[in-house]
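For reference, the structure is listed below as structure tokens.
Computed over heavy atoms, backbone and side chain alike; hydrogens, waters and symmetry mates excluded. In what follows, chains are A, B, ... by sequence order, proteins preceding strands, each numbered from 1.
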There are 2 protein chains.
Amino acid sequence: MRTVPDAIPAFKRQSLDKDILIETPAYDLIELFFFAYRDFVSDPDRILDEYGFGRAHHRVLHFVSRQPGLTIAELLDILRITKQSLNRVLKELIEKDFIESRMGTADRRQRLLHATPQGRDLALKLAKLQTRRIMRALADAEPEAKEAISRYLLCLIDSDDRTHVQQLVFGPDKT
Amino acid sequence: MRTVPDAIPAFKRQSLDKDILIETPAYDLIELFFFAYRDFVSDPDRILDEYGFGRAHHRVLHFVSRQPGLTIAELLDILRITKQSLNRVLKELIEKDFIESRMGTADRRQRLLHATPQGRDLALKLAKLQTRRIMRALADAEPEAKEAISRYLLCLIDSDDRTHVQQLVFGPDKT
DNA sequence: GAGATATGTCAACAAGGCTGACATAAAATT
DNA sequence: AATTTTATGTCAGCCTTGTTGACATATCTC
């Protein structure tokens, strides 16, 4: 939220440039983002294949493993897919004993999702694989780059969702 | 595959710490990347819908518009899909007059792809939309953040592809 | 002229999205 | 207590976008 003094002409010119900048497509970042994400998600694919799972299974398993007791509704909100789409992959993960679904205690309509030991193992294995790529890339950067990148990625997220994601990622405590 | 000297205790401890760093999943970056990409690609969807196009059409149109005269083979290499998948969407883009395919001059087997004026307009409209999000996020960051983020995204890409992507994104001149 | 290369095309299939309709159990409201 | 709302499950069918395998054609290279 840094603000910039307005009065100084040199700065005014900068804000004119800024409008041009907004209208000039940032092809570099658009394309780098595309290629980086392409390779980032490709790592787990080979392993998932061995289990007969796809990327959809990965996403479900990841978030359940990260947040034991997650409900269906919360998961739908995270993934932004329909319950029918979710149910297809979730059913398979439960059948193959990677996730289990317990009845809610406070609200017995809810299903509280938990990864089984087998599920946690796989989730961890995949997370480590992606972490390796992330840390390798980070190794070539300044020490403060990680913070900058986290903040940047967070700002890319829809502003209505940002607080929610922040709680999800960093925990509900830290503001 | 790092091997570690076994004899020296001091090294053992240090490499233990390092392994823990490598082995501790970077959940924050993994998840932020997921959410950021989710929202980043969602912007164009509404507009594409109006034209009866999907994300696959967007990717093709984007790269053709950016690199007039792109060949089928180069496009396949960028997108990493099969020629059958490409052809399905490319055919529609040509039929609806967003892309045109000219016979190669040096090699008449090749098809040199060009966006039509209509195609360029749409590609630009979508790129601007994504740029808006990118620049909004960048506005909250340090001035040197953009460079750091570009470099980071580049390092996330498979190392065999990195030079190729670099040429594609920044132009073949700049090394 | 023979073989390699760039592209196109047909057919079938799989993953993972979607919509719409309907069912059930439990909670919340009146 | 009866009614409505909520959380979830499920059936059926459709769309987009990826895959494989086989085969066709034109053109370039040797």
Discussion item. Taking the nucleotide of DNA chain C with the nearest heavy atom to each, does Arg109(B) or Phe53(A) sit closer to the 5' end?
Written reply: Arg109(B)
Worksheet, complete the sentence: Which of dA11(C), dG20(C), dT7(C) is nearest the side chain of Gln84(A)? It is dG20(C)
Response to the item:
Whole-Å distance, Arg108(A) CZ to dT24(C) C1', equals 14 Å
Worksheet item: Within the structure shown, what part of the strands sits under 4.0 Å from Lys91(B) by heavy-atom distance: base, sugar-phosphate, or nothing?
Response: sugar-phosphate
Fill in: Length of the CG-P vector between Leu75(B) and dT7(C), whole Å
10 Å
Item to complete: Quick one: list whatever passes side-chain contact (heavy atoms from CB on, under 4.5 Å) with Arg162(A), sequence neighbours left out.
Response: Leu154(A), Ser159(A), Arg136(B)
Practice prompt. Could you check how far CG of Leu70(B) sits from C1' of dT7(C), rounded to whole Å?
Written response: 14 Å
Discussion item. Taking the six-membered ring of Phe34(B) as reference, does the cationic atom of Arg59(A) (NZ for Lys, CZ for Arg) lie under 6.0 Å from its centre and within 45° of its axis?
Written reply: no
Worksheet item: Using 4.0 Å as the upper bound for N to carboxylate O, is an ion pair formed by Arg133(B) and Asp158(A)?
Response: yes
Worksheet item: Which atoms form the tightest heavy-atom contact between Gly69(A) and Leu112(A), and what is the distance?
Response: O-CD2, 3.6 Å
Discussion item. Go nucleotide by nucleotide along DNA chain D from the 5' end; which of Thr82(B) and Asp107(B) gets its closest nucleotide reached first?
Written reply: Thr82(B)
Worksheet item: Does Ala73(B) or Ile81(A) map to a spot on DNA chain C nearer the 5' end, using the closest nucleotide for each?
Response: Ala73(B)
Item to complete: Using the six-membered ring wherever Trp is involved, compare the ring planes of His62(B) and His58(B) and label them parallel, tilted or perpendicular (cut-offs 30° and 60°).
Response: perpendicular
Item to complete: May I ask you to say what Arg88(A) touches in the nucleic acid, namely base, sugar-phosphate or nothing, with a heavy-atom cut-off under 4.0 Å?
Response: base
Practice prompt. Please say which of Leu153(A), Leu156(A), Val165(A) ends up in a side-chain contact (heavy atoms from CB on, under 4.5 Å) with Phe35(B).
Written response: Val165(A)
Worksheet item: Just how far, in rounded Å, is C1' of dC18(C) from CZ of Arg55(B)?
Response: 13 Å
Worksheet entry | Atom-to-atom span, CG of Asn87(B) to C1' of dT9(C) - whole angstrom | 8 Å
Worksheet item: What integer distance in Å separates Leu48(A):CG from dA14(C):P?
Response: 19 Å
Discussion item. Tell me if the centroids of the rings in Phe33(A) and Phe33(B) come within less than 6.0 Å of each other.
Written reply: yes
Item to complete: Rounded to the nearest angstrom, tell me the gap between atom CG in Leu112(B) and atom P in dA6(C).
Response: 13 Å
Practice prompt. Please find the earliest and latest nucleotides of DNA chain D, in the 5' to 3' direction, that have an atom within less than 4.0 Å of any heavy atom of chain A.
Written response: dT6(D) to dC11(D)
